[in-house]
Amino acid sequence: MKQEKTQFDRIERLVGTEAMERISAARVIIFGIGGVGSWVAESLVRSGVRRLTMVDRDCVDITNVNRQCPATMKTIGKSKVIAMKSRLLDINPQAEIEAIQDIYDASTRERFHLEDYDYIVDAIDSLSCKADLILTATSLPHHIQFFSSMGAALKMDPQKIRVAEFWQVEGCPLARALRQHFKRSKQFPRRKFRVVYSPEVLSNQGSLDPDSAPYNGTFAHSTAIFGFTLAGLIIQDILSKFEEHS
């Protein structure tokens, strides 16, 4: 009898049935469903990840439409995580998607029970919130993998986007600011972790006063490549662990 096709046939053809099951079973939480985090979520669910939690307190703004996956003219004003959940369930109705409209910071960290996940993704913009998540996630047991996005705004060249261990990043203002934050506070990540970043640093050209612009200029291809790269790191890690135990 011919097996019925599914939306994941092409992935299963590439990696095999057992590996596909491992991908499906992974538990992932993403903090920040904006220009980077929304594409992480999109790629993971299209890759077969079924259990996904998304955290973001913001609603879709018209300025998000150029680069964020759930942002369209029809979703302006809606919760980002709710709009994204609806999209992801259209891709896989069997997915277990939890949409949390909240912010991660030092006062809310205990709400998210990070120890329950296999993968934690940091796509947060706020420096203080990002630093706290890094410190918290790197204090968890080593089997819980943590990946982080550095700044994806003010980038245009896709060939400059790369992956490195956090302390090896060069040329990224956000990574530099985080390292300074850790040094000032004398609190440091408990273990190494990989980040996606680009050393490219452009300036805003369309503002009368580029230094006081309320937000930085961004292209969809840059933020999406950041997000897809983070999703790829998770899939690679799942498959490498499967190969080790098979």
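Using a 4.0 Å cut-off between charged nitrogen and carboxylate oxygen, Asp237 and Lys241 count as a salt-bridge pair. A salt bridge links Arg50 with Glu96: at least one charged nitrogen is closer than 4.0 Å to a carboxylate oxygen. A salt bridge is absent between Arg27 and Asp116; no separation between the charged side-chain nitrogens and carboxylate oxygens falls under 4.0 Å.
No more than 12 heavy atoms of other residues, nucleotides or ligands sit less than 6.0 Å from atom CD of Glu18. By the 6.0 Å contact criterion, CZ on Arg57 is open, its count of non-hydrogen atoms from other residues, nucleotides or ligands being 12 or less. Annotation: Phe228, atom CZ; neighbour count of heavy atoms from other residues, nucleotides and ligands within 6.0 Å is above 12. Atom CZ of Arg190 has 12 or fewer neighbouring heavy atoms from other residues, nucleotides or ligands inside a 6.0 Å radius. The number of heavy-atom neighbours closer than 6.0 Å to CD of Glu115, taken from other residues, nucleotides and ligands shown, is above 12.
With 3.5 Å as the limit, one finds a donor-acceptor pair spanning the side chains of Tyr117 and Thr53. Using modelled atom types and a 3.5 Å distance limit, the side chains of Thr17 and Glu12 yield a donor-acceptor pair. Checking Ser149 against Tyr197 by side-chain atom types alone, no donor-acceptor pair falls below 3.5 Å.
One hydrophobic cluster holds both Val28 and Val15 under the rule that ILVMFWY side chains link at heavy-atom gaps under 4.5 Å. Criterion: ILVMFWY side-chain heavy atoms under 4.5 Å apart, direct or through other members. Under it, Val201 and Leu127 are not part of a common hydrophobic cluster. Hydrophobic clustering keeps Leu114 apart from Ile97 (ILVMFWY residues linked when any side-chain heavy atoms are closer than 4.5 Å, directly or through intermediates). No single ILVMFWY cluster, assembled from side-chain heavy atoms under 4.5 Å apart, contains both Tyr215 and Ile103. The hydrophobic clustering, which links ILVMFWY residues whose side-chain heavy atoms are closer than 4.5 Å, places Met156 and Phe226 apart.
Distance check: Lys155 NZ to Ile161 CD1 gives 9.0 Å after rounding to the nearest 0.5 Å. In this structure, the separation between CG on Asp157 and NE2 on His221 is 7.5 Å, given to the nearest 0.5 Å. The structure places CG of Leu202 at 9.5 Å from CZ of Phe219, a figure rounded to the nearest 0.5 Å. For the atom pair CG of Leu88 and CG of Asn92, the computed distance is 9.0 Å after rounding to the nearest 0.5 Å. In this structure, CG on Leu133 lies 6.5 Å from CD1 on Ile120, to the nearest 0.5 angstrom. Rounded to the nearest 0.5 Å, atoms CG (Leu154) and CG (Leu174) are 11.5 Å apart.
A donor-acceptor pair under 3.5 Å links the side-chain atoms of Arg67 to the main chain of Thr63, judged by distance alone. Under the 3.5 Å distance criterion, the side-chain polar atoms of Gln187 are left unmatched by any main-chain donor or acceptor of Leu135. Using a distance-only test at 3.5 Å, with no hydrogens or angles considered, a donor-acceptor pair links the side chain of Asn204 to the main chain of Gly217. The backbone N or O of Ser128 lies less than 3.5 Å from no partner atom in the side chain of His181, so there is not a single donor-acceptor pair. No donor-acceptor pair closer than 3.5 Å links the side chain of Lys80 to the backbone N or O of Ile33. Under a 3.5 Å cut-off, the side chain of Asn64 and the backbone N or O of Asp61 do form a donor-acceptor pair. Proximity of a side-chain donor or acceptor of Arg162 to a complementary backbone N or O of Lys160 within less than 3.5 Å is detected. Distance alone, capped at 3.5 Å, places no donor-acceptor pair between the Trp39 side chain and the Thr229 backbone. Listed for the Thr223 side chain is no donor-acceptor partner under 3.5 Å among the backbone atoms of Val36. Remark: the backbone N or O of Thr218 is paired with a side-chain donor or acceptor of Asn66 at under 3.5 angstrom.
A 4.5 Å side-chain heavy-atom check between Val81 and Val55 finds every atom pair outside the cut-off. Looking at Arg179 and Trp167, their side chains come closer than 4.5 Å, going by heavy atoms from C-beta outward. Ile144 is not listed as a side-chain neighbour of Asp118, based on a closest heavy-atom distance of 4.5 Å or more. Counting heavy atoms from C-beta on, the side chains of Met150 and Val196 never come closer than 4.5 Å. Phe182 is listed as a side-chain neighbour of Pro189, based on a closest heavy-atom distance under 4.5 Å. Between Leu52 and Ile29, the closest side-chain pair of non-hydrogen atoms is not below 4.5 Å. In this structure, Leu233 and Arg194 have side chains that are in contact, with non-hydrogen atoms separated by less than 4.5 Å. Annotation: side chain of Ile100 is not in contact with side chain of Met54 (no heavy-atom distance under 4.5 Å).
Exactly one residue among Arg22, Glu21, Met20 makes a side-chain contact (heavy atoms from CB on, under 4.5 Å) with Phe242. That residue is Arg22.
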Candidate pair Tyr119 and Ile30, rule side chain to side chain contact (heavy atoms under 4.5 Å, CB included), full reasoning: CA-CA 8 Å; Tyr119 295 93; Ile30 305 170; over 6 Å; no
Worked verdict on Ile235 versus Leu44 for side chain to side chain contact (heavy atoms under 4.5 Å, CB included): CA-CA 8 Å; Ile235 297 300; Leu44 289 177; 4.2 Å; yes
Derivation and outcome, side chain to side chain donor-acceptor pair (under 3.5 Å), residues Tyr104 and Asp122: CA-CA 10 Å; Tyr104 175 95; Asp122 158 39; over 6 Å; no
Steps toward side chain to side chain contact (heavy atoms under 4.5 Å, CB included) verdict (Val163, Leu230): CA-CA 9 Å; Val163 177; Leu230 286 163; over 6 Å; no
Pair Ser203-Gln205, side chain to side chain donor-acceptor pair (under 3.5 Å): steps then yes or no: CA-CA 6 Å; Ser203 59; Gln205 300 298 316; 2.7 Å; yes
Derivation and outcome, side chain to side chain contact (heavy atoms under 4.5 Å, CB included), residues Asp105 and Asp132: CA-CA 7 Å; Asp105 60 23; Asp132 190 89; over 6 Å; no
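Taking every heavy atom of both residues into account, Cys59 and Gln101 meet most closely at SG-NE2, 3.7 Å. Residues Ala19 and Leu239 approach most closely at CB-CD2, 3.7 Å, considering heavy atoms. Considering every non-hydrogen atom in both Cys129 and Ile124, the closest pair reads CB-CG2, 3.9 Å. The shortest non-hydrogen separation linking Pro70 to Thr75 is O-OG1, 2.8 Å. Between Arg87 and Cys69, the shortest heavy-atom contact is NE-SG, 3.2 Å. Of all non-hydrogen atoms in Lys130 and Ser148, the two that sit nearest each other are CE-OG, 3.8 Å.
For Phe31 and Phe112, the ring centers sit closer than 6.0 Å to each other.
Aromatic ring pairs are classed by plane angle as parallel below 30°, tilted from 30° to 60° and perpendicular above 60°; the pair Phe193 and Phe146 is tilted.
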